[in-house]
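Working notes for the structure below.
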There are 2 protein chains.
Amino acid sequence: MISAAKTPVPEAPSADPAEPTARQAAVLDAVLALMQEQGGQLTMTGVARRASCSKETLYKWFGDRDGLLTATVQWQASRVRAGRYDRQRRDASSLRDSLRGFAANWLSVISSATSIALNRLAITHAASQQSNLGQIVLENGRFAIGDRLKPVLEEGRAAGLLQFDDTEAAFRTFFGLAGRDVQIRLLLGDDLKLGKSEIDRDAAAATDQFLTLYGRKTPTPAAA
Amino acid sequence: MISAAKTPVPEAPSADPAEPTARQAAVLDAVLALMQEQGGQLTMTGVARRASCSKETLYKWFGDRDGLLTATVQWQASRVRAGRYDRQRRDASSLRDSLRGFAANWLSVISSATSIALNRLAITHAASQQSNLGQIVLENGRFAIGDRLKPVLEEGRAAGLLQFDDTEAAFRTFFGLAGRDVQIRLLLGDDLKLGKSEIDRDAAAATDQFLTLYGRKTPTPAAA
DNA sequence: GGAGAGCCGTACCGTACGTTACGGTTCTCT
DNA sequence: AGAGAACCGTAACGTACGGTACGGCTCTCC
């Protein structure tokens, strides 16, 4: 969506729409900030004022309001994609640490003001069945974490630490144990306080529960 | 919100705002229908046309747009509150049945078009920090089911079938195991098919997992 | 240093929609 | 039957906001 390009100008140091220029990134950050502060009433005029740019520029860069919103969601997504768990030792305690890390990270994300604002926006748009913001958010939230966690689960299984048939089902169980009612409550405006200590505690609890359900009692075939 | 009552007329066969007249209920049903069909673009004119009433009447009865929406949410809530699990025998299989029933019921609710539309609406409003639709939906969804399920859990504990310290925590685990990623995916527009057979299967699986985590190995103290 | 492009600030336009007003019709009560 | 209230259908009003146009400033490049 970035760069509608009426004029054939070499204005794009970044060909990829997913990589806005520094100035464009500043605009998108302004959008994110406004979304968190003002909630739903996000107007083009407000964005222009906050970002100290003209509406004309907004429309030239992002096409229309929906383009701006889409770019903002992708911009935030590109940021979150950063953390990546590399292959670790295949033992019980490192698996447990990985799972705890995933759960804690997920809880941090969904309880952040940015995520709440973004999800609310995407849900509002999904209701109007305009644009595909919902899919984008899903892709970079729920499905992205699935894609990152599933290999960990399968490694755990390969190492004899976990036991399951359906990786997807196992992941969804973990997702449920970690998230529980947190996201829906926050989206609906419940002021659930979730500090770092609570997150760590809950992540550990969810991990323990998951391991109880899917952990193999005999990690190594020592029984034979 | 129902009945703004400029004129001192005995127009209310129902004094309680939670109990609209038949005609008012028809209007609220029209709102629900429109919400599901048209998504977010719910206009007062559209409601009036659909309900075959005048906008003037809408404003007289519900005050303003927000009042109409609030009344609609409460109207739907009053409907869902119907099902109620009465005390059952305190044995393992009836407990299991109760839990399965709760999980299946909850999955049915959150995957219904009505619930999705209502939650989207409430989330949109929560974003605008106007009104308290979010709280109302939470009260009649997440918290209502909690209030109904917790006694069951505590009975199960009293009967020696379950083991936990914190009822709230146990409930939240059950909630997470049952719901997993279903609600957020549906709210974001993912077209997750959830038929009766899947619901029953998933409810049973969630119940089994919950019992694995919280069930007591020795239901009756037969070991002594 | 002059031409041109990019951009800021602001005024402007059109539309959608919440809200109000009003004439005409039906129902109720006496 | 007649008065009055409730209500329907529709027109009208005001505003908020998405989108566009334009004047002026600055920076770059020749």
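Throughout, a chain's letter reflects where its sequence line sits, starting with A, and its residues are numbered from 1. Computed from heavy atoms alone, side chains included, the values below leave out hydrogens, waters and symmetry copies.
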N or O in side chain of A:Arg49 less than 4.0 angstrom from D:dC17 OP1/OP2: no

A:Arg50 CZ - C:dC8 P separation (whole Å): 16 Å

Spacing between A:Tyr59 atom OH and D:dT20 atom C1', to the nearest angstrom: 9 Å

Interatomic distance, B:Arg65 CZ vs C:dT20 P [rounded to whole Å]: 15 Å

Nearest-angstrom distance from the residue atom CG of A:Leu58 to P of C:dG6: 17 Å

Nearest listed nucleotide, side chain of A:Glu56, among D:dA21, D:dG18, C:dT19: D:dA21

Rounded interatomic separation in angstrom, taking CD from B:Gln38 and P from C:dA16: 14 Å

Rounded distance in Å - CG (A:Asp64) to C1' (D:dC17): 14 Å

Interatomic distance where CG belongs to A:Asp66 and C1' belongs to D:dG19 [whole Å]: 14 Å

B:Arg172/B:Asp166 ion pair, N-O < 4.0 Å: no

Note, B:Leu118 side chain near B:Leu32 side chain (heavy atom, < 4.5 Å): yes

Spacing of A:Phe62 atom CZ relative to D:dG18 atom P, expressed in whole Å: 15 Å

Side-chain N or O of B:Trp61 closer than 4.0 Å to phosphate OP1/OP2 of D:dC7: yes

Nearest to side-chain heavy atoms of A:Lys55, which nucleotide of C:dC8, D:dT10, C:dA11: C:dA11

Distance, nearest 0.5 Å, that separates CD of A:Gln74 from CD of A:Glu139: 10.5 Å

Of the listed nucleotides D:dG9, C:dC7, C:dG9, the one nearest the side chain of A:Ser52: C:dG9

Ion pair check, A:Asp190 and B:Arg142, cut-off under 4.0 Å: no

B:Thr57 and B:Ser54: side chain donor to acceptor below 3.5 Å: yes

Sugar-phosphate only, base, or nothing, as touched by A:Leu42 at under 4.0 Å among non-hydrogen atoms: sugar-phosphate

Closest listed nucleotide, where the reference is the side chain of A:Thr43 and the choices are C:dC8, D:dG18, C:dG6: D:dG18

C:dC8 OP1/OP2 closer than 4.0 Å to side-chain N/O of A:Thr57: yes

